[in-house]
Amino acid sequence: MKKRIIAFTVIALLIFSAAACTVVKEDMIPATDSPPPDSGAPASGELKTEQWLAPDKTISASFSEALPDDSTGTAIDTEAIHVGQTADGKDIFAMLRLPLEGTWLAGEVSSARLFLKLKDGAEPASVRSGLVGTIWDLSFTTRAEARAAVLEDTLKTIDVKKEADGWFSLDVTDFVKSWLSGEVQNCGLAVFGLVPGQESSFVSADWADDDGNYGPFPYLEVSGKEGARDLSYGKFGYTETPLPGFAEDQGGNCLSYALRDTDMIFSDSLGVESGKLRESYESSGTDGVAEYTAELILAYVEAHKDALQISGFRRIDGFDAEIDAAKEYRIALRVGIQTDDEGNADFDYDGTFDYHLWAQLNDGQWAQKFPLDPSQIIPCSAPGLSPYKYPWDAALYWGMKFQNFYGSKTIYFAITKDTEEFTTHLSAAK
């Protein structure tokens, strides 16, 4: 559990460094051994295979029905993914959640396999696996809660293929397609053994050898072929930021990215007042705070429209509201409020409130930007599917304090940006 403890400690300190409106300090940037995301989608008609590997964003937990109902994922060795049955047939099962790193739509994926490296125990010929339907946590979700989270109608027996060098793989194509289509939120999958008295343990994302070397990690191998896409959803395709030649802190945050700009726009830039937040929350809850934030964003864009090179910025009724796609594109806003157990919010604390925005691409997918991460096309955002359906995370890491933090209604805008390039509106105004 060494790596996960370190990661949790770092992220607990940094949790809002990845959020939309918080000021970021240079010495808060965490190190990572994750590979850079593959932002290049295959050319239309070209079959491509990708390995979706992100160990710092992968989490697993193992549970045994031989242990009490209130036991958690820390009760069993966290450096392995345990799957099997006790001698008397009680399940030993694992829950595993990997992020989706690709940009394919569900219908473009032809196959997906989960790869696991055997650590100890039996070589399984088959397992029983199904989708998990709710958010869970390594340290706090109980065994009873974990079992209840498995979607029973998705459970099926899957043959396990023996690969080279101690690796094993299983077909998870249907699961990946369910996530990418938005049919089910990616809360991961559960894996059960089938043979009484047989247990297998696979290397988890927490495992390290005696020298502190991590891996080999669980990963997804996904093959697909991008088809012809309808590019009528808005003016612009995807642009990754930071732009070439820019440092990480010059890539902007969620609001600047939504406005196709590279200058950070934080809460103080908008003129957010704690008293107004409190008043909005007490009168209309989180949705009231979203309305207050939308008004501030409208005012900010109006004040900076020349430097932003935005000639049109209007609120629209929904994600599918009609726009002039030849010159406009849509963005979406949600906010989050951190409360105590009684539902009270302390708006004098900077971490209580935050906002986040997505920008729609011309193929109907959506993109986002956190201050310390490159922008990304959001997996599981498909054309014609409401962004409200997806979890909006305050961090890209699973199981943190602010998972699904942005819980307000979604407010949509249509923007007319008069340049193909990203602007630097604050620098231009000087």
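Heavy atoms only, all atoms of each residue included: S201 and L118 are closest at O-CD1, 3.5 Å.
Residues passing the salt bridge (charged side-chain N to carboxylate O under 4.0 Å, His left out) test with R143, sequence neighbours excluded: D69. Residues passing the salt bridge (charged side-chain N to carboxylate O under 4.0 Å, His left out) test with R113: none are found, sequence neighbours excluded. Partners of E322 according to the salt bridge (charged side-chain N to carboxylate O under 4.0 Å, His left out) rule, which considers only residues two or more places apart in sequence or in another chain, do not exist here.
Aromatic ring pairs are classed by plane angle as parallel below 30°, tilted from 30° to 60° and perpendicular above 60°; the pair Y300 and H304 is parallel. Taking the six-membered ring where tryptophan is involved, the planes of W358 and W366 are tilted, since the angle between them lies from 30° to 60°.
Residue R97 holds its CZ atom at 9.0 Å from CH2 of W136, rounded to the nearest 0.5 Å. Interatomic distance, F313 CZ to K305 NZ, rounded to the nearest 0.5 Å: 12.5 Å. The distance from the CD atom of E145 to the OG1 atom of T72 is 10.0 Å, given to the nearest 0.5 Å. Taking CD of E199 as the start and OG1 of T86 as the end, the distance is 9.5 Å to the nearest 0.5 Å. Note that OH of Y355 is 5.0 Å distant from CG of L255, once rounded to the nearest 0.5 Å. The distance from the CZ atom of F405 to the NE2 atom of H356 is 12.0 Å, given to the nearest 0.5 Å.
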Would Q51 and Y219 satisfy side chain to side chain contact (heavy atoms under 4.5 Å, CB included), going step by step from the backbone distance to the final call? CA-CA 7 Å; Q51 289 186 356; Y219 68 92; 3.8 Å; yes

For a side chain to side chain contact (heavy atoms under 4.5 Å, CB included) check, start with the C-alpha distance between L116 and V191, then their side-chain angles and the critical distance, and finish with the verdict. CA-CA 12 Å; L116 300 169; V191 185; 5.7 Å; no

Worked check of side chain to side chain contact (heavy atoms under 4.5 Å, CB included) between E46 and E226: CA-CA 7 Å; E46 176 190 351; E226 184 178 313; over 6 Å; no

Would you please test S169 and K161 for side chain to side chain contact (heavy atoms under 4.5 Å, CB included) and show each step? CA-CA 5 Å; S169 73; K161 180 181 178 182; 3.7 Å; yes

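Figure legend: cation-pi geometry between R334 and Y406 absent, as NZ or CZ is not positioned both under 6.0 Å from the six-membered ring centre and within 45° of its axis.
Checked by atom type and distance alone, the side chain of D363 never pairs as donor or acceptor with a backbone atom of Y233 at under 3.5 Å. Side-chain atoms of K417 come within 3.5 Å of backbone N or O of L259 as a donor-acceptor pair. For the pair N186 (side chain) and W179 (backbone), a donor-acceptor distance under 3.5 Å is absent. Side-chain atoms of N253 come within 3.5 Å of backbone N or O of I265 as a donor-acceptor pair.
Salt bridge annotation for K389-E183: absent, with no cationic side-chain nitrogen under 4.0 angstrom from a carboxylate oxygen. Comment: R229 engages E108 in a salt bridge, judged by a side-chain N to carboxylate O separation of less than 4.0 angstrom.
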